[in-house]
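What you see is a predicted model; the values in this text were computed from it and never measured. For ligands, and for the atoms within them, numbers begin at 1 and follow the listed sequence.
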Amino acid sequence: MSDTILETNGLTKEFMGFVAVGDVSLKVRRGSIHGLIGPNGAGKTTCFNLLTKFLQPTRGSITYDGRDITKLKPAQVARLGLVRSFQISAVFPHLTVLENVRVALQRQRGGSFDFWRSDSLLRQFDDRARALLADVGLTGYETLTAGELPYGRKRALEIATTLAMEPQMMLLDEPTAGMTHEDVDRIVALVKRVAVGRTVLLVEHNLKVVSGLCDTITVLTRGRVLAEGDYQSVARNPEVIAAYLGSEAHTVTEGVPA
Ligand SMILES: Nc1ncnc2c1ncn2[C@@H]1O[C@H](COP(=O)(O)OP(=O)(O)OP(=O)(O)O)[C@@H](O)[C@H]1O
Ligand SMILES: [Mg+2]
């Protein structure tokens, strides 16, 4: 088994000649938490869209777990265990917390959404669903509808529905965006927990979260890799500081011992 679980070579995405992602060669180590950071518009989400095959690259290749996935479809990539956390909108607000996870489990087993299955059939997923909810700290919230959940808990539910896919590698796009301090701490602990035995690729603007979680960080600016390394080394990199200047220059060095 190779030490590298995900590798891109010369990954490029152009939109009408505009280079959103340019020649990105990324190596993600198996079992690591890898951060992808950079200013707004750097190409982070586009990278995720390329990795999960929501977008076709203009050039370049993607290898996942020793297999060239460049030409695969999103569902095929997900089936291989490379799964992106759903956007909040993909959590069904009128279903209960438990039902949301059940549907995700059923989808994983059955391959498609099938709301017409009888309740008793769905119930066989209950035990597993409850276990997943416990994993993300949502025990006690089962009977609330997803729409009633506070924001931070909704993100936890989103992670539970992603875990239902049994990912080997999880992609998280700004899991703490818009959260209160308390929720941020809870999500950080949760990511740490779900990262055990998995690989996580994380896009995150909160650099304190990045420094607390990530083993390796890749910094993107204008679609290109600017720097890579552990938090200490990228935070001290003058080019990285310059790229963040004006916006987050103060945050990037925050928490780094002199
Ligand atoms: N479908 C598209 N068509 C045209 N341009 C796009 C498209 N998607 C993204 N872009 C452009 O590509 C660049 C990178 O966007 P992307 O969303 O990947 O950035 P990001 O790093 O995720 O930014 P943010 O931190 O704000 O989420 C931006 O300039 C964006 O406007
Ligand atoms: Mg983005």
Side-chain angles (χ1 to χ4, degrees), residues 6-28 33-62 69-70 73-74 77 82-91 151-152 154-155 158-159 162 169-179 183-184 187-188 191 200-214 216-229 231 234-235 237 239-254:
L6 182 84
E7 183 166 1
T8 70
N9 273 298
L11 196 62
T12 300
K13 181 65 185 179
E14 294 174 5
F15 295 109
M16 319 264 282
F18 171 79
V19 182
V21 171
D23 200 23
V24 167
S25 295
L26 196 68
K27 263 191 191 175
V28 178
I33 304 182
H34 193 119
L36 193 57
I37 70 169
N40 291 117
K44 305 178 297 292
T45 299
T46 304
C47 255
F48 267 24
N49 286 333
L50 291 169
L51 296 175
T52 48
K53 309 307 303 157
F54 285 83
L55 285 173
Q56 255 322 103
T58 309
R59 280 185 298 284
S61 66
I62 309 166
I69 61 162
T70 317
K73 300 211 162 29
V77 172
L82 177 58
V83 180
R84 176 188 194 150
S85 179
F86 296 119
Q87 299 301 318
I88 267 193
S89 55
V91 165
Y151 184 75
K154 241 179 240 166
R155 301 302 307 242
E158 189 188 317
I159 290 176
T162 308
M169 177 164 178
M170 268 176 101
L171 305 185
L172 300 171
D173 198 351
E174 301 191 36
T176 71
M179 283 189 182
D183 281 341
V184 169
I187 292 289
V188 166
V191 172
V200 173
L201 183 62
L202 175 78
V203 166
E204 181 56 59
H205 278 291
N206 183 332
L207 294 170
K208 220 172 127 203
V209 169
V210 171
S211 72
L213 280 175
C214 298
T216 309
I217 292 149
T218 300
V219 187
L220 284 185
T221 43
R222 296 180 193 167
R224 312 234 164 219
V225 175
L226 181 71
E228 194 169 273
Y231 188 81
V234 300
N237 183 318
E239 284 187 285
V240 174
I241 294 168
Y244 271 88
L245 211 72
S247 54
E248 290 165 270
H250 315 293
T251 346
V252 81
T253 47
E254 197 177 272

ask   = Sub-3.5 Å donor-acceptor pair from the side chain of Ser85 to the main-chain atoms of Ile159, do we have one?
value = no

query = When you check the space around the Mg ion (ligand 2), which protein N, O or S atoms turn up under 2.8 Å?
reply = Thr45 OG1

ask   = Taking Thr52 for the side chain and Pro74 for the main chain, is one N or O donor matched with an acceptor at less than 3.5 Å?
value = no

Spacing of CG belonging to Asn206 relative to CD1 belonging to Ile37, to within rounding of 0.5 Å = 11.0 Å

Between ligand 1 and the protein, tabulate every N or O atom pair separated by less than 3.5 Å, reporting distance only.
| from | atom 1 | to | atom 2 | distance (Å) |
| --- | --- | --- | --- | --- |
| ligand 1 | 18 (O) | Thr45 | N | 3.4 |
| ligand 1 | 18 (O) | Thr46 | N | 2.9 |
| ligand 1 | 18 (O) | Thr46 | OG1 | 2.6 |
| ligand 1 | 19 (O) | Gly43 | N | 3.3 |
| ligand 1 | 21 (O) | Ala42 | N | 3.1 |
| ligand 1 | 21 (O) | Gly43 | N | 2.9 |
| ligand 1 | 21 (O) | Lys44 | N | 2.8 |
| ligand 1 | 21 (O) | Lys44 | NZ | 2.8 |
| ligand 1 | 22 (O) | Thr45 | N | 2.9 |
| ligand 1 | 22 (O) | Thr45 | OG1 | 2.8 |
| ligand 1 | 23 (O) | Gly41 | N | 2.9 |
| ligand 1 | 25 (O) | Asn40 | ND2 | 3.3 |
| ligand 1 | 25 (O) | Lys44 | NZ | 2.7 |
| ligand 1 | 25 (O) | His205 | NE2 | 2.8 |
| ligand 1 | 26 (O) | Asn40 | ND2 | 2.9 |

ask   = Hey, does the side chain of Lys44 reach the backbone of Pro39 with a donor-acceptor pair shorter than 3.5 angstrom?
value = yes

inquiry  = A side-chain contact here means heavy atoms from C-beta on lying under 4.5 Å apart; do Val191 and Met170 qualify?
reply    = no

List the atom pairs, with distances to 0.1 Å, where a side-chain N or O of residues 217-224 and a protein N or O form a donor-acceptor pair under 3.5 Å, not counting sequence neighbours.
| from | atom 1 | to | atom 2 | distance (Å) |
| --- | --- | --- | --- | --- |
| Thr218 | OG1 | His34 | NE2 | 2.7 |
| Thr218 | OG1 | Glu228 | OE1 | 2.7 |

key: N/O donor-acceptor pair under 3.5 Å between Tyr231 side chain and Thr216 backbone   = no

task = Please list, chain by chain and in numerical order, all residues satisfying side chain to side chain donor-acceptor pair (under 3.5 Å) with Glu14, sequence neighbours excluded.
result = Arg59

query = Hey, is the main chain of Gln56 close enough, under 3.5 Å, to the side chain of Lys13 for a donor-acceptor pair?
reply = yes

